[in-house]
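Every chain is numbered from 1 and lettered A, B, ... according to where its sequence line falls, protein lines coming before strand lines. Fair warning: this is a prediction, and the values are worked out from it, not measured in the lab.
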Protein chains: 2
Amino acid sequence: MATIYDVARHADVSVATVSRVLNGGSVDPVLARRVTQAVAALRYRPNLVARNLRTRRTRLWAVIIADVRNPFFTDMVRGIEDVASAEGYSVVLCNSDEDETKEADYIDVALAERMAGVILSPSSSRTEHVDSLVSAGCPVVLVDRELDGVRADAVLADNEQGAYVATRHLVEQGFERIACVTGPEEYSTAAQRLSGYRAALIEAGRDVDESLVRFADFREPGGRAAMESFLECPQRPDAVFSANNLMTLGVLRCLADHGLSVPDEVGVVGFDDLPWAELVRPTVTTVGRSTYDEGRVAAEALVRRIADPNAEPERKVLPTRLKVRESSVRTSTER
Amino acid sequence: MATIYDVARHADVSVATVSRVLNGGSVDPVLARRVTQAVAALRYRPNLVARNLRTRRTRLWAVIIADVRNPFFTDMVRGIEDVASAEGYSVVLCNSDEDETKEADYIDVALAERMAGVILSPSSSRTEHVDSLVSAGCPVVLVDRELDGVRADAVLADNEQGAYVATRHLVEQGFERIACVTGPEEYSTAAQRLSGYRAALIEAGRDVDESLVRFADFREPGGRAAMESFLECPQRPDAVFSANNLMTLGVLRCLADHGLSVPDEVGVVGFDDLPWAELVRPTVTTVGRSTYDEGRVAAEALVRRIADPNAEPERKVLPTRLKVRESSVRTSTER
DNA sequence: TTGTAGGCGTTATCAG
DNA sequence: CTGATAACGCCTACAA
């Protein structure tokens, strides 16, 4: 593979001149043309590794997400990519798979490869890995999930409000025993969505029955298992609020397996959109959010952070919107 | 950020010794311990950019996929990641978004960053970008889609066979006018699946009506539009074979919008699994494949290719399996 | 076993 | 404007 020296020799100029035409310094048009031709002739491509070493920076962002199979994250990535590409960065996606160890590994790579910035949706409540990014001076933006005590920008959904509205909707529909399947207790999203659920029940003058709450794993099998366990209760719930899309899928599967009709026997509302929410019968009521925008806003925050490493961290909360569909609406003759 | 020189000074040894304890050379235990302590004290992390430059290699794989929002690709990535991590590589995911330009950009990055290898599902039939990888000596494995005239390993599904079985199934179910929505004409997968569809019709003694074939884009809106156009035909089809998962989603949406019942008015079979195939009513008949294995096999091929850059390229074809569900099965009293 | 020194491919500084 | 040359941080002969 040709180096800048080969090009210089071929064009009969110095490496400095080659570097200048490559990076836009001022250089005699005649020499510039010779260089350009040599570059083409030798199929020369600058070695970014060397350039990165010399300039001590990179044009790469690491986006470390908790689950590539979750449409929420992949949709969000689109928003990130668009901003990144407009700003001249390339995005590499890393899938931590809700695994703290993998997350730590990718953070190490991002740090060791001196990536220009990191957008992270943490897969653990341990702050040490993120702290290592922050303290190393690597620009980092948290997305979707926040971390207590970490001085970093964060872009989040209005989890509590979204869960509150969803639960209140179930109350208004006349459901009596409303259960909640939330995520791992240590995740901010799980806690906030649970908290919104509780707030709605309390506001309605109901007492919060802790036996109707499950902490699952934000994945499909977890949602399914949680629903399964509800069905074994002596007093089975007549409605469920599920705190993310994948678990909603599991809840619906479980209900289908048991031949329970939705919403007549069990009403369902899920946090996060589902690409197929309107295809399922019944269609699924969801708490939607502007996923693409969450990505875009996070990317813009990263751009700002890179430009000004010492700026005060910002915490941006984006609104959610309840999309009422069939799974939560009782037919009027019911009850 | 500390360098290897800082560590050497702190431990009162030479940089060579530090390097040796870091990379496993033989070194006096006493010195080794001093080094380890210095590393910890200074929070030293080797600069991979410098290491990569010096060793002229990387422990990074680029996985360039055509669509992060397609569950097929993200599932496949899991298979790749597992092998990569076992072999000591890190995987960075790049989303070309079915866009030839983005794909070219990511290929450039992979090349310029001197990544150890690339797994690619091409977003175009142009071979020049892939050729630039191959001719630069970068190990590359094609996955899902193959490219004519490119000397690279490829891991594929048995597209023709899968499409053939799917279509034959529709024939056997008594559907008369079976349509096909395939992908962009230049993609091997689109062509092979169309070819399997045709083969089944011909075998059944039917003539292939080209007005029942659409070349869409492998995305949801494309599938929807294609189905829409079928419905405007004077002789509307009574069944559809859709050549990928996202387009199947679009087809189903279109059918639902028009209030057409599946499978009684229109039978549906889709290539690729759908995570929610069994949740939709009716459940969806699909041509499933072992997605995780495709990723695993591709990764293993890459490992082999890295070990032996001059090995003869291999072309691996993995089987598919028809999963018959409700969307393609006519009730016996029908017709 | 240990240390010295050269070089990986660029960019940046400084004379000319 | 152009061209030598010194870093960037690390690994690795080679010599001790």
Side-chain angles (χ1 to χ4, degrees), chain A residues 1-36 38-39 42-60 88 108-116 136-138, chain B residues 1-36 38-39 42-60 88 108-116 136-138:
Chain A
M1 184 150 288
T3 77
I4 202 172
Y5 279 94
D6 301 321
V7 176
R9 199 173 313 127
H10 193 280
D12 194 28
V13 296
S14 73
V15 292
T17 303
V18 177
S19 180
R20 284 189 195 101
V21 349
L22 258 37
N23 299 302
S26 50
V27 33
D28 184 301
V30 179
L31 295 193
R33 231 165 57 83
R34 290 220 305 265
V35 170
T36 316
V39 165
L42 300 175
R43 299 162 144 275
Y44 166 74
R45 326 172 69 89
N47 182 331
L48 286 194
V49 179
R51 174 179 294 172
N52 294 340
L53 175 60
R54 175 61 231 224
T55 61
R56 304 152 134 276
R57 56 205 186 79
T58 292
R59 299 302 287 179
L60 237 41
D108 275 349
V109 171
L111 224 35
E113 295 279 4
R114 302 302 192 263
M115 304 231 182
C138 177
Chain B
M1 183 147 290
T3 78
I4 202 172
Y5 280 94
D6 301 322
V7 176
R9 198 175 313 127
H10 192 281
D12 195 27
V13 296
S14 74
V15 292
T17 302
V18 177
S19 179
R20 284 191 194 99
V21 349
L22 257 37
N23 298 304
S26 51
V27 33
D28 185 300
V30 179
L31 295 192
R33 232 166 56 84
R34 293 221 303 268
V35 169
T36 316
V39 165
L42 300 175
R43 298 161 146 275
Y44 168 74
R45 324 173 72 87
N47 182 332
L48 286 195
V49 178
R51 175 180 294 172
N52 294 340
L53 176 59
R54 173 62 231 233
T55 60
R56 302 153 134 274
R57 54 204 187 80
T58 293
R59 299 303 287 180
L60 237 42
D108 275 348
V109 171
L111 223 37
E113 295 280 3
R114 301 301 190 266
M115 306 228 180
C138 177

Nearest-Å distance for atom pair CZ/P, residues A:Arg114 and D:dC10: 7 Å
Is any side-chain heavy atom of B:Arg51 closer than 4.5 Å to one of B:Leu48? yes
Considering every strand and a 4.0 Å limit on heavy-atom distances, what is the contact class for B:Leu48: base, sugar-phosphate, or nothing? nothing
Round to the nearest Å and state the distance from B:Asp12 atom CG to C:dG3 atom P. 8 Å
Could you tell me if the side chain of A:Val18 sits less than 4.5 Å from the side chain of A:Val13, heavy atoms only? yes
Find the distance A:Asn47:CG to D:dC8:C1' and express it as a whole number of Å. 13 Å
Would you kindly give the CG-to-P distance between B:Leu42 and D:dC10, to the nearest whole Å? 12 Å
Pairwise 5' ranking along DNA chain D for A:Asp28 and A:Tyr5, keeping only the more 5' one: A:Asp28
Within the side chain of B:Arg34, is there an N or O that forms a donor-acceptor pair under 3.5 Å with the backbone of B:Ala11? yes
Checking B:Asn52 against B:Glu113: is there a side-chain donor and acceptor pair closer than 3.5 Å? no
Report which part of the nucleic acid B:Asn52 touches: base, sugar-phosphate, or nothing (heavy-atom distance under 4.0 Å, all strands). nothing
Would the base of D:dA7 count as contacting A:Arg54 through its side chain, where contact means a donor and an acceptor less than 3.5 Å apart? yes
At less than 4.0 Å, is any side-chain N or O atom of B:Arg56 found next to OP1 or OP2 of C:dG7? Yes or no. no
Under 4.0 Å from OP1 or OP2 of D:dG3: is there any side-chain N or O of A:Thr17 that close? yes
On DNA chain C, check which nucleotide each of B:Thr55 and B:Val13 is closest to and give me the residue with the more 5' one. B:Val13
Provide, to the nearest angstrom, the distance between the CZ atom belonging to A:Arg51 and the C1' atom belonging to D:dA7. 17 Å
Rounded to the nearest angstrom, tell me the gap between atom CZ in A:Arg20 and atom P in C:dT10. 16 Å
Under 4.0 angstrom between B:Ser26 side-chain N/O and C:dT1 OP1 or OP2: yes
Distance test, side-chain N/O of A:Thr3 to OP1/OP2 of C:dC8, below 4.0 Å: no
Take the protein atom CD1 of A:Ile4 and the nucleotide atom P of D:dA4, then report the distance between them rounded to whole Å. 14 Å
Could you work out which one of C:dT4, C:dA12, C:dT10 sits closest to the side chain of A:Ala16? C:dA12
Main-chain N/O of A:Leu53 paired with A:Arg56 side-chain donor or acceptor, under 3.5 Å: no
Applying a 4.0 Å non-hydrogen cut-off, can you work out what B:Val49 is touching in the nucleic acid: base, sugar-phosphate, or nothing? nothing
Whole-Å gap separating C1' (D:dA7) and CG (A:Leu53): 9 Å
